[in-house]
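Data block below; observations after.
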Amino acid sequence: MFKKIFFSSLILFILFILFLIFSKPVSSIQDVNVTPEISIVDEDGTEIMHYIANHKTTPIELDKMNQKCIDILLNIEDKSFYKHSGFNLNRIFKTIISNIKKNQSHGASTITQQYIKNVYLSNEKSLARKLKELYYAIKLEQATSKDEILAGYLNCIYLGNDIYGIANASKYYFNKSYTDLTIQEMTTFVALLNAPTYYSNHLDELENKKNKLLKILLENTIITQEEYDMAIAPIQFHYNTNIYDSNLLFYVDGVIREYKALNLNPKFNQIVTIKTKYSPSINKNKFRTSANYAAIAVDKKGYILSMMGDKDYYTSSFNIVTQGKRDIGSTIKPILYYEALKCGFTSSTTYYSAPYSFTYHNEKITINNYGGSYPYKSITMREALATSDNIYAIKTHQAIGFKTLANHFKHYDIEAKGLPSLALGSVGMSLYDLTRIYSQFFTEGTYLEFKYIEYIHMNQQKVYSRIIKKEQFGENAYFAKIKNLMASTFDPSIPHATGSSLSQFLKTKCYGKSGLTDFDSYMMGFNEDVLIGVWSGYLDNSLLEDATVKRLPKDIFLNLINAYEKKSSETN
């Protein structure tokens, strides 16, 4: 009697819920707690990264997948997938009865419901979440085709080791395309689905689970005896841990942070397309070195074209460009000379360059040039900048007042102490901030606001377009004069010009300044179209003793600027 009342009440309850679900419009869904799908595209509109529920994945084309693999999945997970409307009432009843009789917990979720749970909901076990899952599943079936739902499910499933989607899992576990999966490999993935974290770390038990599923598939005539005999062999993994390019991962991290800060709140089943200015030609480069390195490239509107946060994202996702804070060395000198021009200096102003000592607060301070090299003559500001002469810099710093340069950095909310050493770069900041300061030389006066995102579409409707903000922190004419002086860095006619070794290899006229401390090496440079900031060193502050590490920023700059120039010439 109790069971009859229970099941009658349950049936009435389910019918009531289904009535509410069918009667409510899809537009009423407002409480989605994650962005369901994000596509990030590059400067040409080509997708560079895809996210589902905040997880990186690679979308598949369902018609390119082996039909046998699809049959394996559906037979185990949801036999009636192409027949139901998002839920399987018969399966729900059978599961309830089985759970009551055997005191066991079996799932009744369809693939549609599993997709909903993965993308929109949590793993919370509650009646409210289950009803919401059912409601969303029905609404998704009303708005989307079966093939789209199945492809979406295959794109979002978790398969252990922080791997989402069948395409990425195929690359990670077997180093192959999802289009080439075997029966054995697909069955292994289906075996992983039930407990991916556990099974991916207990391979013997994964093997047993795979073999049990193969037996079911054989009994259900999904596979033949011959196919079974081949698939029952022990699985052989061929791991490929580097699914994505390291530089790309640093870049898309920045894109997602910027996107989330906009708080756009997409609604149910919306696809978000984020248009960037990502330039594959200058972002794909990697450099073999024992040191850490970082680089950023931006255009004249402040769009970030390239982001190399370190040499290997998979080793550390710490982005040196934005998060590292280092002394900037001689890259400070163009900023110093900008202030000098404001104080009445000209590019022809001279100082005698030789070993120099002076007294500061009753303490004798001796300034030397790097490597102990001196011209022992009067040099102009242009020569001083080209050769990174420390004597000229410190005498200029004295002449305009030690606090003048320190006050300059207040524009950028950077604290600098008005000490003699400031002229040689004793102020810490990120490469990102240093590059923004250099944007004023690049643009001849505009302090750029760096951004990744150009515009955003939701279901092909533009919902955001960047408004370019320009700030002026100084006088354009002086920035333009310093820019022209910075061409001397690459002038081979000036003895000991710090960038002269690059001049014969550069494919475009460039301006810039190098910098070197005991721990850091820099190359800041640009042409008329792109600004590039590069740093190398060791995050543990080991001394820079290897000449190749000291030179690395120049080599990276040369590589990136020429790659950009080649891309521009091919486009035009």
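What you see is a predicted model, and the numbers here were worked out from it, not measured in a lab. Throughout, residue positions are numbered sequentially from 1 according to the sequence presented.
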### Task
Specify the closest pair of heavy atoms between Trp535 and Pro553, including all atoms of both residues, with the distance to one decimal.
C-CG, 4.2 Å
### Message
Classify the ring geometry of Phe345 against Tyr351: parallel below 30°, tilted from 30° to 60°, perpendicular beyond 60°.
### Response
tilted
### Query
Relative to the ring of Tyr412, is the ring of Phe473 parallel (under 30°), tilted (30 to 60°) or perpendicular (over 60°)?
perpendicular
### Query
Which class fits the ring pair Tyr239 and Tyr172: parallel under 30°, tilted 30 to 60°, perpendicular over 60°?
perpendicular
### Query
Given Met308, which of Leu560, Val534, Val321 fulfils the side chain to side chain contact (heavy atoms under 4.5 Å, CB included) condition?
Leu560
### Task
Classify the ring geometry between Tyr338 and Tyr478 as parallel (under 30°), tilted (30 to 60°) or perpendicular (over 60°).
perpendicular
### Query
Should the heavy atoms of other residues, nucleotides or ligands under 6.0 Å from NZ of Lys311 be counted, would the total exceed 12?
yes
### Query
In Å and rounded to the nearest 0.5 Å, what is the CD to CG distance from Glu383 to Asp491?
10.0 Å
#### Entry: Distance-only donor-acceptor check, side chains Tyr278 and Asn283, under 3.5 Å
yes
### Query
So with a 6.0 Å cut-off around CD1 of Ile467, is the heavy-atom count from everything else above 12?
no
### Message
Under a 4.0 Å threshold between the charged nitrogen and the carboxylate oxygen, would Lys483 count as salt-bridged to Glu444?
### Response
yes
### Message
With a 4.0 Å cut-off on N to O distance, would you call Lys300 and Glu528 a salt bridge?
### Response
yes
### Message
Using a strict threshold of under 4.0 Å (side-chain N to carboxylate O), is an ion pair present between Glu185 and Lys176?
### Response
yes
### Message
Testing Thr315, Thr322, Ile320 one by one against Phe318 for a side chain to side chain contact (heavy atoms under 4.5 Å, CB included), which residue passes?
### Response
Ile320
### Query
Distance only, no hydrogens: is a donor on one side chain within 3.5 Å (strictly under) of an acceptor on the other, for Asn168 and Thr58?
yes
### Message
Students often mix this up, so state it plainly: with edges at 30° and 60°, are the rings of Phe250 and Tyr313 parallel, tilted or perpendicular?
### Response
perpendicular
#### Entry: Any side-chain donor near an acceptor of the partner, Tyr164 and Asn155, under 3.5 Å
no
### Message
Check the orientation of Tyr511 and Phe526. Use parallel for under 30°, tilted for 30 to 60°, and perpendicular for over 60°.
### Response
parallel
### Message
I'd like to know if the side chain of Ser39 pairs up with that of Thr273 as donor and acceptor (distance under 3.5 Å, no hydrogens or angles considered).
### Response
no
### Message
Regarding Glu43 and Lys277, does a basic nitrogen lie under 4.0 Å from an acidic carboxylate oxygen?
### Response
no
## Note on the structure
With sequence neighbours left out, the residues meeting salt bridge (charged side-chain N to carboxylate O under 4.0 Å, His left out) with Lys550 are none
